[in-house]
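Inspection log for the structure reproduced underneath, given as structure tokens.
No experiment lies behind these values; they were computed from the predicted model shown. All values below were derived from every heavy atom in this structure, side-chain atoms included, with hydrogens, water molecules and symmetry-related copies excluded. For ligands, and for the atoms within them, numbers begin at 1 and follow the listed sequence.
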Amino acid sequence: MNTAITVAHGDGIGPEIMEATLHILRESGARLDIEKVEIGEKVYRADNTAGVGEDVWDSLRRTGVFLKAPITTPQGGGFKSLNVTVRKTLGLYANVRPCVAYAPFVRTRHPNMNVVIIRENEEDLYAGIEHRQTTEVMQCLKLITQPGCEKIVRYAFEYARHHNRKKVTCFTKDNIMKMTDGLFHRVFDEVSREYSDVLSDHMIVDIGAARLADTPEVFDVIVMPNLYGDILSDVAAQIAGSVGLAGTSNVGAKCAMFEAIHGSAPDIAGRNIANPSGLLLSAVMMLVHLGQPDEASRIHNAWLTTLESGMHTADIFTEGSSRNRVGTREFANTVIANLGNLPGHFAPVQYTATDADTLVALDLRETETLRLARAHVPAKEIVGVDVFLEWRGDSPNDLGTRLSQVAGGELTLTMITNRGVKVWPRGHSETFCTDHWRTRFVAGGNRITHAQILSLYSNIVAAGFDVIKTENLCTFDGEPGYSMGQGQ
Ligand code: NAD
């Protein structure tokens, strides 16, 4: 029986590499019914700020599987990232990017590299919640949630187990972002205890990234928050040999999207020179996911055979080691001619039915740890408030004196920071200050009410200050739910 999938040809080189990929899929015997949809530039230009029409959502709800060519994001304000919209709308929380070296056929300094990067896809700085708060300061909100961390970390360990991977490494920056990245790291440590058959370790993302770029062969699976994963998966694909070779899957509980990691490459569009391999390998992941492992294996082995034969597109063609420089269509025809052949140098691939990504069905709302975590709602108390001001004075001591007088009642001003650096009391005259001030008021460890915060807010505004926002300082079961102030 055929499986329905939604297919978008995209922009730039999208239509060429999609045609090549669909041609190979047809010839491989893959059992697919294709629902073609339009996304990207044309849809953006038709005044749809997300670049995706209702018909696409309808098709995706029906099929649950999206094979997508790259699209061009129009320049200028007002347009939303189509990729971020699709991932978040469909809850595609896990982005899986295998980055494999194909030496000696594709040039790389890291011939033994075989890393899978699992990137959290819905949270972090990608919420798109940004504000200009003052004349000088912009803010972007970084949101990390306990369920979000648990879903992606659990996915990484399940992936490792299903794919015979030995180790999962976690990258965070929790030495600086102790609460947000700290949560990701803590959940990683907790979940890793349930997977004693898989090794686990954690690295600060900066040294981790340096090691990944230098000795990628020491890594196996790496799981990380959205932004680090976005950047490092491109680095990993590039050092493996070419961004044109890597395919990726975006997986959620109800839907999955498969695409190449590269963009629409407008510089080479329409010239029949683009490498279709990234999209093709994502289609192989799709077939595995759809439970068509034999067709997936046939295509993967034919593709490896083609690489070994030296029939290379321009992006990976190397004088001396490659045999023929071929175009997109000729490359696809060679893969088709190789269907049924096995590679000689690389180990042949043999997917099995059990590789079908059972994780898609794993609805993390039902996991035991999440259920237990949700069963206990911690006692929450407000014990203070951070009031953020736009203020163009230059003496933090003046600000401190004036705000201390305004505070009144039980609330006391305890600290003022500028960009996270304490400037009152006892600041340093060398500290560079902007027009963005965080002023902290507490009641000596006692609980305070929303009414007290409102009254403080009114008093500060009445004294002539421009309040830009407040953040409540809360304790959860007595534990402070806020950083202590001084930026580290
Ligand atoms: P790009 O990945 O399109 O191109 C970067 C370089 O790699 C170019 O020199 C290009 O010619 C080359 N390249 C990319 N894919 C190739 C392939 N398959 N074969 C041979 N060479 C290839 O990145 P960009 O130029 O920064 O972005 C172009 C457009 O793509 C932008 O509008 C961007 O927003 C969009 N984009 C879309 C996606 C997506 O839809 N998933 C992802 C990234 C970028």
Side-chain angles (χ1 to χ4, degrees), residues 6-21 24 37-45 49-52 56 66-88 90 92 95-97 99 102 106-107 119 121 126 226-227 229-250 256-283 285 303 306-307 311-318 322 325-332 335:
T6 303
V7 170
H9 282 60
D11 304 315
I13 58 171
E16 301 159 61
I17 58 173
M18 184 58 87
E19 275 314 320
T21 300
I24 297 167
V37 294
E38 182 85 58
I39 57 164
E41 237 181 343
K42 270 198 212 138
V43 184
Y44 277 119
R45 301 274 173 230
T49 54
V52 192
V56 180
F66 195 10
L67 180 62
K68 177 186 155 294
I71 57 114
T72 301
T73 315
Q75 295 293 311
F79 298 112
K80 285 196 258 175
S81 160
L82 182 149
N83 288 320
V84 175
T85 304
V86 172
R87 284 175 202 146
K88 292 180 73 169
L90 300 178
L92 308 180
N95 181 208
V96 182
R97 293 190 176 197
C99 299
Y102 300 99
V106 179
R107 200 165 45 182
R119 162 192 173 195
N121 230 0
Y126 289 67
N226 207 339
L227 178 64
D230 192 2
I231 298 167
L232 292 182
S233 53
D234 271 25
V235 171
Q238 181 66 39
I239 65 173
S242 165
V243 284
L245 291 182
T248 176
S249 62
N250 296 272
M257 174 168 83
F258 301 85
E259 61 182 343
I261 72 155
H262 58 75
S264 59
D267 53 333
I268 58 167
R271 293 164 53 194
N272 190 40
I273 56 175
N275 189 343
S277 298
L279 188 60
L280 182 66
L281 290 182
S282 79
M285 293 165 98
W303 179 79
T306 304
L307 269 196
M311 304 288 268
H312 291 166
T313 45
D315 58 315
I316 56 168
F317 184 88
T318 311
S322 301
R325 188 195 299 260
V326 292
T328 313
R329 280 190 294 274
E330 295 69 33
F331 184 82
V335 174

Where is the nearest protein heavy atom to [atom]: which residue, which atom, and how far?
atom                    : answer
atom 29 (C) of ligand 1 : S264 OG, 3.2 Å
atom 44 (C) of ligand 1 : G263 CA, 3.4 Å
atom 25 (O) of ligand 1 : P266 CD, 4.6 Å
atom 39 (C) of ligand 1 : N83 ND2, 3.1 Å
atom 17 (C) of ligand 1 : N275 N, 3.7 Å
atom 37 (C) of ligand 1 : I71 O, 3.1 Å
atom 22 (C) of ligand 1 : I268 CD1, 4.0 Å
atom 6 (C) of ligand 1  : D267 OD2, 5.0 Å

Taking the side chain as every heavy atom from C-beta outward, state whether [X] and [Y] have any pair of such atoms under 4.5 Å apart.
X    : Y    : answer
R119 : L232 : no
K68  : V86  : no
I273 : F317 : no
V37  : F66  : yes
N250 : E259 : yes
E16  : R271 : no
P70  : I17  : yes
D230 : Y126 : yes

Nitrogen or oxygen of [X] less than 3.5 angstrom from that of ligand 1:
X    : answer
A265 : yes
T72  : no
I273 : no
G244 : no

| Short list, please: which atoms of ligand 1 are under 4.0 Å from a heavy atom of K68? | 39 (C), 40 (O), 41 (N)
| Which of the atoms in ligand 1, numbered in the order shown and given with their element, are less than 4.0 Å from a heavy-atom of E259? | 41 (N)
| message | For atom 27 (O) of ligand 1, is there a protein heavy atom at a distance under 4.0 Å? | response |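 No.
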| query | atom 8 (C) of ligand 1: protein heavy atom closer than 4.0 Å? | reply |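 Answer yes: something from the protein, a heavy atom, is under 4.0 Å.
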| Is a donor on one side and an acceptor on the other found under 3.5 Å between the side chain of Y44 and the backbone of L82? | yes
| For E41, does its backbone N or O pair with a side-chain atom of D11 as donor and acceptor, under 3.5 Å? |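 Yes, because the side chain of D11 sits within donor-acceptor range (under 3.5 Å) of the backbone of E41.
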| query | If hydrogens are left out, which of T73, I17, I316 has an atom nearest to atom 33 (C) of ligand 1, that is, the closest non-hydrogen atom? | reply | T73
| field | Selection from L82, D11, I13, V243 by shortest heavy-atom distance to atom 16 (C) of ligand 1 | value | I13
| Do NZ/NE/NH1/NH2 and the carboxylate oxygens of E38 and R45 come within less than 4.0 Å? |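 Answer for the salt bridge query: no.
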| task | State if A274 counts as touching ligand 1 under the rule of any non-hydrogen atom under 4.0 Å. | result |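 The answer is yes, since A274 has a heavy atom less than 4.0 Å from ligand 1.
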| For ligand 1, which part of S242 has a heavy atom less than 4.0 Å away: the side chain, the backbone, both, or neither? | neither
| query | Partners of R97 by side chain to side chain donor-acceptor pair (under 3.5 Å), sequence neighbours excluded? | reply | N95, S233, D234
